[in-house]
Number of protein chains: 2
Amino acid sequence: MMVEHELEGRKREILKAIIREHILTAEPIGSRTLAKTYDFGVSSATIRNEMSDLEDMGLLKQPHTSAGRVPTDKGYRYYVDVLMEHESKHPKNLQRSLARFYEDKKGIQGIISGMTRMLSQLTEYTTLISEPEMQKSSIKKMEIVKVAARTLLVVLITDSGIVNNKILKINHDVGSRELEYINKFLSNKLQDKELNSLDQDFFTSLEEELIKRIDISRKLFEIISEELEKIITPADMRIFLGGTSYILEQPEFNDLENLKKVLNILDNEENLRELIKELPDEDLEVKIGQENKIEAMKKCSIVYATYHLGDNAVGKIGVIGPTRMQYPQVISTVDFAADILGQIISKVGR
Amino acid sequence: MMVEHELEGRKREILKAIIREHILTAEPIGSRTLAKTYDFGVSSATIRNEMSDLEDMGLLKQPHTSAGRVPTDKGYRYYVDVLMEHESKHPKNLQRSLARFYEDKKGIQGIISGMTRMLSQLTEYTTLISEPEMQKSSIKKMEIVKVAARTLLVVLITDSGIVNNKILKINHDVGSRELEYINKFLSNKLQDKELNSLDQDFFTSLEEELIKRIDISRKLFEIISEELEKIITPADMRIFLGGTSYILEQPEFNDLENLKKVLNILDNEENLRELIKELPDEDLEVKIGQENKIEAMKKCSIVYATYHLGDNAVGKIGVIGPTRMQYPQVISTVDFAADILGQIISKVGR
DNA sequence: GTTAGCACTCGAAGTTGAAGAGTGCTAATA
DNA sequence: TATTAGCACTCTTCAACTTCGAGTGCTAAC
């Protein structure tokens, strides 16, 4: 199946031209049009023959007899992997827009939300950013504060500067001494621990130790550790979505049926989480059409990158569009955005 | 303009029938159809005359000659205000679904997010819920915690149980004594204060007093009070949106132009905030078509209610659909949902 | 290996005509 | 006087038909 890597020069150029043209027009490309706009030095008939070969290889297809050719997913894949010329320059206006972020102090979520909007405006596609996962971070500080009778607030801060908190209802009141003790004890035990090392076993052993030392209600500790676990698991990690309406600009989604399917996914944060979980932690990846596991996404491409906060927490940033996508620009923009986003958040955190 | 209130019986019944029928079919309603499906005891010709009168009053209109009639915004308004029969019963399955919420302990945002999804599923329209505004709440507890060198965490808890926190970067380090003092001082001063009474003047006077008592860096206090103000202002109050894709089910949005306009509003949280600000604090209100101030919404209706947390914080909960909307069901559902939402959140908070 | 030429295919777009739904008006009716 | 039957007229929708152009594949010649 790796025949394509040996594509001779002219076939390469023709495929490249077809894909470029199709990305611009969203129309099937015919041999005559191609011969006229590009100068291959051969006639349309020859191009026709080449195109027929490319079709046999599965890189092109015809929507129907007597229409021009359209790239297949495989064609796009080959384009992205081999043919495409990468844009190395990042537009000046991007850098300028970024300045704003440094001034803002709206917290991590504000930054991500702003970045979502910006990326979607730059690419003119729908954009998706996940909050940084905390799994790989370690705990910098954790504190339980009593905020009212039978109400505690657990605050957790990681070394990447992410804050998480949770209100805790308990049945019996806790004395402030007791709480102080628990705080000290937990601080000691949890300091600098990696979050993903805190499993059920860990908590059980903690509990045993704590019970030995102090006459603390077992029930109370159970609640605390249970809640701590919940905070840590990224089950309800927020996903930021922007530029949904750009989808409507794409001619391939003029078909309401398709549109519905895709919007149904985007509509629901649960589905988005699902979608993001599917994506392996690559620095930069492109999922083209059928390569997506979720049914409704099989007519879309996703260009995504993983952004890093130091060496720890990571999140995803991605762009969703039709398989006919402006890959060079989008890839370069997403790549850059991931880089910048990591930097900005890291600065806020530290 | 209040002529309509004296609409004679038959005209009322005909208008009601037309609106009902149109809500179901989304088609213009003709006199013959009406005469056949409803039994008014008169012929289609008579109905035709009545319809003509109703059109003169601005309650109906014809999309074109020789089409049936369609209700105008004014017609719907009259329907909602006068003709409509309210559904008083709340469906059993709603009550059942609610049980789930009580078990969840995902915090206020989780509850709202869940409620958003539920309401959109029940009504089959797009749903919108705003976080409770804190303006009218008072402060129950506020505490500044030092989480790292030159990093403070401000935690604020209101009497309606809303927690807000913010990370604070400062230039110089603060001693823990200093902090303790500030905490005590602020606790005293802020306890039970209403949030909307905390204006610039208040902070200035606080500052003066504090400076007298302790040798605290003026700069530090400025930062703290500034940030406190930011926490309080609802500038970036979150809006939860659900069921966007239901819009696609509505035949009136088969026109891509319309659809784009509306989705553009929904796409952007900023716009949604704008939208919600437009809505006065009524217990339950319906904005029909042209009554909406935002251009893109002039083909939509919004049914919304204000939900309460005790007597204090309030938020909005609403449903967006075409002007041809299932008003009776939606109104009753939104009303009920607002009620329930207030209750649930209050319980979590207390 | 390349190309010109040609028959063939298919979709897009425009045209026409018939069917159907609905109206408004008028004159007859209860 | 309010109601109704009847009829001419208007307008949309839909299907059938046509035309046009873009594109292909194949063949034979270069």
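In what follows, chains are A, B, ... by sequence order, proteins preceding strands, each numbered from 1. Any value given below was found using the heavy atoms of this structure, including those in side chains, with hydrogens, waters and symmetry copies removed.
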Rounded to whole Å, how long is the line connecting atom CD of A/Gln62 with atom P of C/dG11?
12 Å
With the side chain defined as heavy atoms from C-beta on, B/Thr65 is closest, among D/dT4, D/dC11, C/dT23, to D/dC11
Under 4.0 Å: is that the gap between some side-chain N or O of A/Arg69 and OP1 or OP2 of D/dA22?
no
Euclidean distance, atom CG of residue B/Leu60 to atom P of C/dT23 [Å, nearest integer]
10 Å
Could you give the NZ-to-P distance, from B/Lys36 to C/dG22, as a whole number of Å?
8 Å
For the pair made of NE2 in A/His64 and P in C/dG11, what is the distance, rounded to whole Å?
5 Å
Can you tell me how far P of D/dA22 sits from CE of A/Met51, to the nearest Å?
15 Å
May I ask you to decide whether A/Glu274 forms a salt bridge with A/Lys293, counting only side-chain N to carboxylate O separations under 4.0 Å?
no
Interatomic distance, A/Glu21 CD vs D/dA22 P [rounded to whole Å]:
15 Å
Rounded distance in Å - CZ (A/Arg10) to P (C/dT2)
4 Å
Among D/dT4, D/dG25, D/dC11, which is the nearest nucleotide to the side chain of A/Ser52?
D/dG25
Is it true that the side chains of B/Tyr327 and B/Ser301 contain a donor and an acceptor less than 3.5 Å apart?
yes
D/dG23, D/dT4, D/dT12: which one has an atom nearest the side-chain heavy atoms of B/Val42?
D/dT4
Counting heavy atoms from C-beta on, name the nucleotide in C/dT9, D/dT24, D/dC11 closest to the side chain of A/Arg48.
D/dT24
Side chain of A/Ala45, heavy atoms from C-beta onward: which of C/dT2, C/dA4, D/dT4 has the nearest atom to it?
C/dA4
Atom CD of B/Glu27 and atom P of D/dT13 are separated, to the nearest Å, by 9 Å
Answer with base, sugar-phosphate or nothing: what part of the nucleic acid does A/Ser44 contact at a heavy-atom distance below 4.0 Å?
nothing
Tell me yes or no: between the side chains of A/Glu21 and A/Tyr38, is some donor less than 3.5 Å from an acceptor?
yes
Among the candidates D/dA22, C/dA4, D/dT4, find the nucleotide nearest to the side-chain atoms of A/Ser66.
D/dA22
Short question: side chain of B/Thr323, backbone of B/Asp73 - any donor-acceptor pair under 3.5 Å?
no
Can you figure out which of C/dT2, C/dG11, C/dT3 approaches the side chain of A/Asn49 most closely?
C/dT3
Determine whether more than 12 heavy atoms belonging to other residues, nucleotides or ligands lie under 6.0 Å from atom CG of A/Asp39.
no
Respond yes when some side-chain nitrogen or oxygen of B/Thr46 is under 4.0 Å from OP1 or OP2 of D/dT4, and no when none is.
yes
